[in-house]
Amino acid sequence: MKKFRIPLLILALLAIIILIVANYQSNREFRSKENNFVVEDTASVTKFFLADRVDRYIKCTRQDDGKWIINDTFPANKEVVDLLLETFATLDVKYPVSNAATENIIKSLSINSVKTEIYQKVYRINLFNRIKLFPREKLTRTYYVGSETMDKMGSFLIMEGSKQPYVVSIPGLRGFISTRYTTNIMNWRNRNLLNMKLNDIKQISLVYPDSPTESFILVNNDNKSISLFTHPHKKQIHDFDTLKAIQYFNNFKDLNCEAVRNDFSQAMVDSLNSQKPYFSLEIVDFNNKAIELKAWKRKAAPGAINIDDGSDLEFDPDRMHATLSTTKDVYVIQYYAFGNIILPIDWFDKNWKEKLEFVDIF
């Protein structure tokens with residue numbers, strides 16, 4: 001028996017090696033071109049397309065300054081773009097769809113899926129990832145994203161030209177990924193309305209048509225001093241709180257809307273613009289470029305009541321409609337977000353706290 005011990009050990013060792021090699025080969029085959037959905041280097045992504053079966057599409061292009069543009073028109077919502085790029089990098093193939101279910105899943109994908117094309121910067125010469133020459137843009141991935149699985153823990157994906165769909169998820173994510181591949185442009189629009197710094201703003205005019213005595217003009221005198229005037233007579237107010245004025249100028253950094261309305265026809269937009277606004281805000285920069293934001297109170301939802309006295313509310317107490325002179329869109333803005341903007345001229349009074357009072361916006 002002793003003389004067979006060494007050969008048996010060698011055979012056992014060989015068997016283990018064969019199993020390891022077979023397992024490696026199996027995994028390697030599993031990670032074939034048919035399921036290589038992952039884009040590890042998302043910094044190299046230059047552009048991606050999403051298109052659904054009802055002809056909605058998203059073209060998202062990275063600009064030279066790193067910002068993203070949607071459909072060659074709108075600045076993209078950075079958070080949404082970053083989330084999808086993260087998705088590109090972290091997709092994980094859980095398993096291939098079984099043979100029994102493949103035909104039905106492919107039919108489902110042909111009816112309801114989002115085609116995804118990913119373009120990256122690649123190099124014609126790339127030596128050991130150290131020497132990179134002759135960059136170019138290349139379509140590196142095309143796949144379709146379908147519905148979620150029954151347990152809501154994965155989505156069906158298939159590479160273009162393949163006959164094998166897979167169940168794909170993100171490790172640690174309790175849910176499915178298909179919602180991230182949205183073709184609703186409103187989900188991709190940047191919601192930033194104004195993003196200006198004190199040093200960029202030459203003048204701010206805030207006008208309340210129904211409360212003209214509360215209107216005012218603030219002037220930045222070449223970043224050396226600030227002047228306050230009444231509107232429209234431009235009577236200068238000499239005694240005011242300049243720290244509050246500086247604070248006011250700083251309120252225009254990263255001012256966002258809640259939503260962009262996509263259900264307003266041009267006639268509805270024109271009708272809104274023809275009405276007297278609740279307030280009108282004009283900002284002029286040091287290049288004398290002006291941007292105007294107008295806001296209107298919007299009707300309260302049917303049945304909405306004032307919680308203080310139970311009376312019917314005529315206007316929404318939380319939100320307004322607004323337009324910008326630089327776009328043709330209608331936005332939904334919140335009183336909360338604009339609370340530091342829609343202030344009366346008396347707010348700049350050094351004794352404002354003692355006589356806190358403002359026009360009743362409702």
Side-chain angles (χ1 to χ4, degrees), residues 70 73-80 83 179 182 184-196 204-212 214-216 231 247-283 290-347 356-362:
I70 299 297
T73 304
F74 305 108
N77 186 324
K78 184 177 183 302
E79 292 181 0
V80 178
L83 181 62
T179 54
T182 175
N184 184 344
I185 193 169
M186 292 303 162
N187 295 332
W188 290 93
R189 293 280 301 274
N190 187 339
R191 296 178 181 174
N192 185 259
L193 297 178
L194 297 168
N195 191 10
M196 302 180 73
I204 298 172
S205 301
L206 183 60
V207 178
Y208 304 97
D210 286 337
S211 305
E214 302 292 350
S215 306
F216 61 85
H231 186 283
Q247 177 186 338
Y248 190 84
F249 272 100
N250 285 324
N251 288 335
F252 293 91
K253 289 188 293 186
D254 204 22
L255 194 59
N256 299 318
C257 68
E258 180 183 273
V260 183
R261 295 290 300 262
N262 63 348
D263 55 344
F264 268 56
S265 65
Q266 188 56 51
M268 295 168 69
V269 175
D270 293 341
S271 174
L272 186 64
N273 276 310
S274 68
Q275 299 173 31
K276 185 169 62 176
Y278 166 52
F279 71 83
S280 176
L281 174 73
E282 184 188 67
I283 302 177
I291 183 170
E292 185 178 34
L293 184 149
K294 291 182 179 178
W296 295 262
K297 300 173 187 177
R298 70 176 198 173
K299 293 290 184 182
I305 60 171
N306 188 323
I307 58 175
D308 291 329
D309 58 16
S311 62
D312 293 336
L313 277 179
E314 182 180 1
F315 297 106
D316 187 330
D318 300 316
R319 297 170 179 83
M320 298 171 276
H321 284 139
T323 60
L324 274 180
S325 57
T326 52
T327 73
K328 297 181 179 179
D329 295 309
V330 174
Y331 306 94
V332 177
I333 62 175
Q334 297 179 346
Y335 286 102
Y336 175 78
F338 278 73
N340 292 329
I341 302 296
I342 46 178
L343 296 168
I345 189 171
D346 288 350
W347 181 78
L356 184 62
E357 185 178 359
F358 184 41
V359 290
D360 184 0
I361 60 175
F362 310 124

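Keep in mind the model is a prediction, meaning the values are calculated, not measured.
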Show every donor-acceptor pair shorter than 3.5 Å between a side-chain atom in residues 267-274 and any protein atom, with sequence neighbours excluded, or say none if there are none.
unit_1, atom_1, unit_2, atom_2, d
Asp270, OD1, Gln266, NE2, 2.9
Asn273, OD1, Thr323, OG1, 3.4
Asn273, ND2, Val269, O, 3.3
Ser274, OG, Ser271, O, 2.6

Point-to-point distance, once rounded to the nearest 0.5 Å, from [atom1] of [X] to [atom2] of [Y]:
X: Leu293; Y: Phe338; atom1: CG; atom2: CZ; value: 5.0 Å
X: Glu292; Y: Thr326; atom1: CD; atom2: OG1; value: 10.5 Å
X: Glu314; Y: Asn306; atom1: CD; atom2: CG; value: 12.5 Å
X: Ile342; Y: Met320; atom1: CD1; atom2: CE; value: 4.5 Å
X: Ile305; Y: Ser311; atom1: CD1; atom2: OG; value: 8.0 Å
X: Tyr335; Y: Lys297; atom1: OH; atom2: NZ; value: 6.0 Å

Looking only at the side chains, is there a donor atom on one of Asn256 and Asn192 sitting less than 3.5 Å from an acceptor on the other?
yes

Is it the case that the side chain of Asn251 and the backbone of Asn340 share a donor-acceptor pair, with hydrogens and angles ignored and the cut-off at 3.5 Å?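 Checking the backbone N and O of Asn340 against the side chain of Asn251, a donor-acceptor pair under 3.5 Å is found.
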
Taking Asp316 for its side chain and Ala300 for its backbone only, find out whether a donor-acceptor pair lies under 3.5 Å.
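Not confirmed, Asp316 side chain does not pair with Ala300 backbone.
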
Heavy-atom closest pair, residues [X] and [Y]:
X: Thr182; Y: Asn187; result: OG1-ND2, 3.0 Å
X: Ala337; Y: Leu255; result: O-CD1, 3.6 Å
X: Ile283; Y: Leu194; result: CD1-CD1, 3.9 Å
X: Ser325; Y: Ala290; result: OG-O, 4.4 Å

Going by heavy atoms in the side chains, are [X] and [Y] under 4.5 Å from each other?
X: Lys253; Y: Met196; answer: no
X: Phe216; Y: Val207; answer: no
X: Asp329; Y: Leu324; answer: no

Inset, instruction - Please assess Val260 against Phe74 for the test side chain to side chain contact (heavy atoms under 4.5 Å, CB included), listing each intermediate value before the final yes or no. - result: CA-CA 12 Å; Val260 183; Phe74 305 108; over 6 Å; no

Practice prompt. Given side chain to side chain contact (heavy atoms under 4.5 Å, CB included), test Asp318 with Tyr336 step by step and report yes or no.
Written response: CA-CA 7 Å; Asp318 300 316; Tyr336 175 78; over 6 Å; no

Item to complete: Kindly determine whether Arg298 and Val332 satisfy side chain to side chain contact (heavy atoms under 4.5 Å, CB included), including the steps that lead there.
Response: CA-CA 9 Å; Arg298 70 176 198 173; Val332 177; 3.9 Å; yes

Item to check | From CA spacing to verdict: side chain to side chain contact (heavy atoms under 4.5 Å, CB included), Phe252, Ile204 | outcome: CA-CA 10 Å; Phe252 293 91; Ile204 298 172; 3.4 Å; yes

Check your understanding: With sequence neighbours left out, what residues match Arg191 under salt bridge (charged side-chain N to carboxylate O under 4.0 Å, His left out)?
Key ->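 So Arg191 forms no salt bridge (charged side-chain N to carboxylate O under 4.0 Å, His left out) with any residue.
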
List the residues meeting ring-ring contact (aromatic ring centres under 6.0 Å, His included) with Phe279, not counting sequence neighbours, and say none if there are none.
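With neighbours one apart ignored, the set is empty.
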
query: Using the ring of each side chain (for Trp, its six-membered ring), is His321 parallel, tilted or perpendicular to Phe264, with breaks at 30° and 60°?
result: perpendicular

**Item:** Ring centroid separation Phe315 to Tyr278 under 6.0 Å
**Value:**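 They do not qualify: ring centres at least 6.0 Å apart.
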
